[in-house]
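Beneath this line is the structure, given in structure tokens, with notes to follow.
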Amino acid sequence: MTHTLKQYAQSLRLSGLIGTLDMRLQEAEANRLPYAQFLELVFQDEINVRGQRMIARRNKTADFREVRSLDNFDFRFNPSIQRAQIYALAACHFIREHRDVLFVGPPGVGKSHLAQAIGIEAVKAGFPVLYRSVFDLVRELSAEETQRAESRLLAKYLKPDLLIIDDMGLKILPAKSGEILLEIIMRRYENRSTLMTSNRPIEEWGKLLSDVPAASAILDRLLHHAEVIPITGRSYRLQERANENASRAKKQSPAEAKQPKNK
């Protein structure tokens, strides 16, 4: 690549093209590529780099707790989880249709993994996503001392095409949590999609929020266009712990295994 050509590319902010242009020039010369085909290749390189950067930015903005994917989810472990149903959600049609999703099941069965994996697929599809545990969401909004600051933060939760609210039901939430959640769900209703996970049956939400009317109003809107997916089965975390213990036991030397444990 000539110095002038590199300067032109930098002026046009074609950093993806700069990174591959030497290779493409050699490829074009070796294979005698037509000009149009060569241009297609270098423009595609630029588009790919920009796409990767966009995904990286949106993943950072989404603030996922963990990087999770559907590729490394073990659907065989809990057969109650239907692979086809989850992959249909990952296609993001429910986001385009402003519908909601609710995963309900005990801790450890894979709800958070699936929620974040679907969120990552939504990012790849070009949708802005925000992930929050219900505790962080309530704490952040409760901490704002002025109406203006609260409105600004509330807008953050209303803007994304997909809002993921995780961990509902792990413990009773603070006072006014019901009002905060109701405000978010009510204003996103039929405008944006919300995906929630709950460790407790929806019949217990009134107790969890210490506000039965707010819980009823939240569920009335959330469930209207929602796909409710019950998940039952064993805990992945407990199984991983058991596997780790078994692996450590196998690695013990025979002499260590025979040593009496201290009482």
Has the side chain of Lys111 got a donor or acceptor atom that lies under 3.5 Å from a matching backbone atom of Pro106? yes
Inter-residue atom distance Thr197.OG1 - Met168.CE, 0.5 Å rounding: 10.0 Å
Measuring only between side-chain heavy atoms, which start at C-beta, is Lys124 closer than 4.5 Å to Ile55? yes
List the steps and the verdict of side-chain contact (heavy atoms from CB on, under 4.5 Å) for His98 and Asn191. CA-CA 6 Å; His98 302 158; Asn191 292 305; 5.6 Å; no
Calculate, to the nearest 0.5 Å, the distance between atoms CH2 and CE belonging to Trp205 and Met196 respectively. 4.0 Å
Quick check on Arg13: does its CZ atom have over 12 non-hydrogen neighbours (other residues, nucleotides or ligands) under 6.0 Å away? no
Spacing of CE belonging to Met186 relative to CG belonging to Asp220, to within rounding of 0.5 Å: 12.0 Å
Backbone N/O of Asp166 and side chain of Ser133: donor-acceptor pair under 3.5 Å: no
With side-chain contact (heavy atoms from CB on, under 4.5 Å) as the test, would you mind laying out the steps for Leu173 and Ile180 before giving the verdict? CA-CA 11 Å; Leu173 294 166; Ile180 292 171; over 6 Å; no
Below 4.5 Å, heavy atoms only, C-beta onward: do Asn199 and Glu204 meet side chain to side chain? no
Quick check: closest heavy atoms across Leu114 and Leu70, and the distance to 0.1 Å? CD2-CD2, 4.0 Å
For residues Leu41 and Leu14: do they belong to one hydrophobic cluster (side chain heavy atoms under 4.5 Å, members Ile, Leu, Val, Met, Phe, Trp, Tyr)? no
When you check the side-chain N and O atoms of Arg53 and Ser15, is any donor under 3.5 Å from an acceptor? yes
Return the CG to NZ distance between Leu154 and Lys156, rounded to the nearest 0.5 Å. 12.0 Å
Hphob cluster co-occupancy, Val129 + Leu158, side-chain heavy atoms under 4.5 angstrom: no
What's the separation between atom CD1 in Ile172 and atom CZ in Arg200, rounded to the nearest 0.5 Å? 7.5 Å
Are Val49 and Ile18 linked, directly or through other ILVMFWY residues, by side chains that come within less than 4.5 angstrom of each other? no
Same cluster or not: Leu137 versus Phe135, using hydrophobic residues (I, L, V, M, F, W, Y) connected whenever any side-chain heavy atoms lie under 4.5 Å apart? yes
Could you tell me whether the side chain of Thr20 reaches within less than 4.5 Å of the side chain of Val42, counting heavy atoms only? no
Could you pull out the closest heavy-atom pair between Arg188 and Thr194, with the gap in Å? NE-OG1, 3.0 Å
Evaluate the side-chain contact (heavy atoms from CB on, under 4.5 Å) criterion for residues Ile202 and Leu222: first the C-alpha distance (whole Å), next the side-chain angles of each, then the deciding distance (0.1 Å), finally the verdict. CA-CA 11 Å; Ile202 58 177; Leu222 182 68; over 6 Å; no
Out of curiosity, does Phe127 fall in the hydrophobic cluster containing Leu130 (side-chain heavy atoms, cut-off under 4.5 Å, transitive links)? no
Quick check: are there more than 12 heavy atoms from other residues, nucleotides or ligands sitting under 6.0 Å from CD of Glu66? yes
Backbone N/O of Phe38 and side chain of Arg24: donor-acceptor pair under 3.5 Å: no
Is the closest basic N to carboxylate O distance between Arg65 and Asp167 below 4.0 Å? yes
Scanning both residues in full, the closest heavy-atom pair of Ala122 with Cys92 reads CA-SG, 3.5 Å
Give the minimum heavy-atom separation between Ala115 and Phe103, together with the two atoms involved. N-CE1, 4.1 Å
Using a distance-only test with no angle check, is there a side-chain donor-acceptor pair under 3.5 angstrom linking Gln44 and Asn48? yes
Note, Ile120 side chain near Ser69 side chain (heavy atom, < 4.5 Å): no
Do the side chains of Tyr189 and His225 get nearer than 4.5 Å, heavy atoms only? yes
Checking Arg234 against Phe77: charged group under 6.0 Å from the ring centre and within 45 degrees of the axis? yes
Given side chains that start at C-beta, do those of Leu89 and Leu195 come closer than 4.5 Å, heavy atoms only? no
Separation between CG (Leu209) and CG (Leu182), nearest 0.5 Å, reads 9.5 Å
Taking all non-hydrogen atoms of both residues into account, name the closest pair between Lys159 and Arg192 and its distance. O-NE, 3.2 Å
Heavy-atom nearest pair, Leu163 first then Tyr157, reads CD2-O, 3.8 Å
Show your reasoning for whether side-chain contact (heavy atoms from CB on, under 4.5 Å) applies to Leu141 and Glu183. CA-CA 11 Å; Leu141 282 168; Glu183 179 75 9; over 6 Å; no
Check: Ser193 side chain, Phe94 main-chain N or O, donor-acceptor pair, under 3.5 Å: yes
Ile185 and Asp100, any side-chain heavy atoms less than 4.5 Å apart: no
Would you say Phe73 and Ile81 make side-chain contact, with heavy atoms under 4.5 Å? yes
